[in-house]
Amino acid sequence: MKSFFTNLKQRYNIRDYKISLVFLVTLISLVGILMVRSARPDLMNRQIMGVCLGLIVMFIISFIDYKWILNLYWPLYALNIVMLLAVLLFGTRVNGARRWLNLGFTQFQPSDLTKILMILFFAKFLMEREQKIKEPKTIIQAIALILPSLALIYKQPNLSTTICISALFAVLLYLGGLSYKLIGTVLVITIPTIIILLVVAIQPNQPFLKDYQQERILAWLEPEKYADDESYQQLNSVMAIGSGQLTGKGYDNDATTSVKNGNFVSEPQTDFIFAIIGEELGFVGCCGVIILLLLIVIECILIGLKAKDTGGRIICGGVASLIGIQSFINVSVATMIFPNTGLSLPFVSYGLTSVVCFFMGIGFVLNVGLQPNKYQ
């Protein structure tokens, strides 16, 4: 053990270890434990276990040279595809979706790990093609490589994670050096296309979405019409957040009218954890959680700006983007800005796979921060 720490001191300057980032992710995770306890007391111990495991994994990964990991980018890509295929063939079905692998002692959701593996894969893929990123061939190759993951995750079905990874992929291309002109051109084409697809998606007998997905979009567009059905949870979530007012009704409030009681929302410990925060901790608590997540994103970006190579920059920017995108989607669903869809709030929502995978991402960011930066 002594020789291990001696080698670390020789390899890295431990004073460069970003304690501020470790503090932020630990603090937001403690908030998550408290909120999971309030929403589902029986799950608190498992959440604590997930956070402790995540911290250990983060610590170990932070001292593994990310360049060595990136050299394994093709095996990592193959591992991801194999896991997603295993879900399709052998996955456990819950509430009509096949997204989990039963490991005996716990349920593992490979699509959460996909997000981290894709960041690592494209960090190396784009770094090797840094001078060719603007060429159509490179862009087509990148799209072709992300499509199998998107298709397998969509097939589960898991539309929300498919959208999240698609948005993350777009950011990774930008971090790799994609031209502003090309990005602008894509946006000019994409935005009207999304509007057209949205109009088509709400038509009878449309071929793109499953019935429940279409109903969620309709409920988002006309919530009053679906108040007793698809929009029931989101309307209750918005009312719960509003009822918390400035400082909330108090932590672990167990009134019969609380949003976590009486089936006002399903899975309050995951998809609608922000409703619990709003009701019990109020506007102040909601802002506190959002600010903590924003500070984590900023810390990752700042570390990425000092990275010594493109791969390190993409890793940091990718992890920051993943946390930002997923947080935005989760909060938007809870506040009815987006249609109802299932994504966890990073570090806060219950879920061992999700929590550990986010800590893995932070571990890679910490290692980038330990490497001699590009100005040295």
Side-chain angles (χ1 to χ4, degrees), residues 8 11-13 16-18 21-22 25 57-81 112-135 137-146 148-149 164-180 182-183 296-325 357-376:
L8 287 181
R11 187 180 185 90
Y12 300 122
N13 186 349
D16 291 333
Y17 203 84
K18 305 300 179 182
L21 180 56
V22 176
V25 296
V57 170
M58 177 190 75
F59 179 77
I60 293 172
I61 289 177
S62 68
F63 290 109
I64 300 175
D65 193 333
Y66 72 89
K67 293 181 295 180
W68 181 80
I69 298 292
L70 293 187
N71 286 333
L72 302 173
Y73 73 121
W74 281 114
L76 291 176
Y77 182 86
L79 173 65
N80 172 60
I81 298 300
D112 282 329
L113 185 57
T114 294
K115 301 166 189 174
I116 303 300
L117 294 181
M118 287 300 95
I119 290 173
L120 297 175
F121 175 81
F122 282 107
K124 181 67 172 180
F125 178 85
L126 295 173
M127 183 172 66
E128 289 189 339
R129 296 159 178 78
E130 191 171 2
Q131 304 303 319
K132 302 178 180 179
I133 184 62
K134 298 177 184 180
E135 296 180 6
K137 179 182 176 181
T138 302
I139 298 172
I140 292 171
Q141 287 176 338
I143 293 173
L145 287 166
I146 195 66
S149 295
C164 180
I165 294 177
S166 298
L168 174 63
F169 172 69
V171 175
L172 293 176
L173 288 181
Y174 169 72
L175 293 171
L178 200 63
S179 164
Y180 283 102
L182 182 57
I183 293 172
I296 292 171
V297 170
I298 291 172
E299 280 280 345
C300 292
I301 292 173
L302 291 176
I303 294 172
L305 290 175
K306 296 180 180 180
K308 65 178 182 180
D309 57 27
T310 301
R313 186 179 73 245
I314 293 176
I315 287 175
C316 294
V319 172
S321 300
L322 174 60
I323 294 171
I325 291 167
C357 286
F358 276 113
F359 273 110
M360 286 177 61
I362 295 298
F364 285 112
V365 172
L366 289 170
N367 184 260
V368 173
L370 277 176
Q371 304 290 339
N373 67 51
K374 62 185 180 182
Y375 300 112
Q376 293 180 331

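Not measured: the values here are computed from a predicted model.
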Gap between atom CG of L366 and atom CD1 of I64 - 0.5 Å precision: 12.5 Å

For V319 against C300, the heavy-atom pair lying closest together: CG1-SG, 4.3 Å

Atom pair CG/CZ of L70 and F125 - distance to nearest 0.5 Å: 14.0 Å

Listed partners of Y66 passing ring pair (Phe, Tyr, Trp, His ring centres under 6.0 Å), at least two apart: none

Residues which pass side chain to side chain donor-acceptor pair (under 3.5 Å) with N71, listed by chain and number, not counting sequence neighbours: K124

K115: side chain to side chain donor-acceptor pair (under 3.5 Å) partners, not counting sequence neighbours: D112, Q326

Partners meeting side chain to side chain donor-acceptor pair (under 3.5 Å) with E130 (sequence neighbours left out): T310

Chi angles and distances behind the side-chain contact (heavy atoms from CB on, under 4.5 Å) call for D309, Q371: CA-CA 10 Å; D309 57 27; Q371 304 290 339; over 6 Å; no

Interatomic distance, L79 atom CG to L72 atom CG [nearest 0.5 angstrom]: 11.0 Å

Closest non-hydrogen atom pair, G318 against L168: O-CD1, 3.5 Å

V171 to S321 - nearest heavy-atom pair and separation: CG1-OG, 3.0 Å

Shortest non-hydrogen contact between A123 and I314, atoms and distance: CA-CG2, 3.7 Å

Passing candidate, side-chain contact (heavy atoms from CB on, under 4.5 Å) with I362, options I61, V22, V25: V25

Distance-minimising heavy-atom pair for A307 and G312: CB-C, 3.7 Å

Side-chain (R313) to main-chain (L305) donor-acceptor, under 3.5 angstrom: no

Interatomic distance, M118 atom CE to Y73 atom OH [nearest 0.5 angstrom]: 12.0 Å

With T114 via side chain to side chain donor-acceptor pair (under 3.5 Å) - residues at least two apart: N80

Distance-minimising heavy-atom pair for I116 and L322: CD1-CD2, 4.0 Å

Contact check, side chains of R129 and Q141, non-hydrogen atoms, under 4.5 Å: yes

Value rounded to 0.5 Å, distance of CG in L126 from CG in L175: 9.0 Å

F122/F169 aromatic ring centres below 6.0 Å: yes

Heavy-atom check, side chain of F59 versus side chain of F359, under 4.5 Å: no

Point-to-point distance, once rounded to the nearest 0.5 Å, from CG of L178 to NZ of K134: 8.5 Å

I165 side chain reached by S149 side chain, heavy atoms, under 4.5 Å: no

Donor-acceptor pair, side chain of S62 and main chain of N367, under 3.5 angstrom: no

Any V365 side-chain heavy atom under 4.5 Å of E299 side chain: no

Pairing residues for Y77 by the ring pair (Phe, Tyr, Trp, His ring centres under 6.0 Å) criterion, not counting sequence neighbours: W74, F121

